[in-house]
Amino acid sequence: MTTEFDLSCATCGSSLSKQSVSVDHLNAQRVEAAVCRNCGDRYFPESTLERLD
């Protein structure tokens, strides 16, 4: 199954890397995101979105 970590950045086309990012939502203090090292865009996998729901 393809995840956000396997895709390229939709903005600049660079590769994405898995990072743990801080959020201020309920008790989810840190979540995984696919982050572009080139432009900084963030993409959240379905598992992260479910956790924040």
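Numbering starts at 1 and runs along the sequence shown.
Scored by the side-chain contact (heavy atoms from CB on, under 4.5 Å) test, S14 finds C12, C36, N38 as partners (sequence neighbours excluded). For T11, the side-chain hydrogen bond (donor to acceptor under 3.5 Å, both in side chains) partners are D41, not counting sequence neighbours. For the side-chain contact (heavy atoms from CB on, under 4.5 Å) test, residues two or more places apart in sequence or in another chain that qualify with S17 are Q19, R37. Residues that satisfy the side-chain contact (heavy atoms from CB on, under 4.5 Å) test with T3, not counting sequence neighbours, are F5, D6. Among residues two or more places apart in sequence or in another chain, the side-chain hydrogen bond (donor to acceptor under 3.5 Å, both in side chains) test is passed with T2 by none.
If you chain together hydrophobic residues whose side chains sit under 4.5 Å apart, L49 and L7 never meet in one group.
Other residues sharing the hydrophobic cluster of Y43, ordered by chain and number and joined by side-chain separations under 4.5 Å: L16.
Across all their heavy atoms, E46 and E4 have their closest contact at N-OE1, 4.2 Å. Closest heavy-atom contact between E32 and T48: O-OG1, 2.7 Å.
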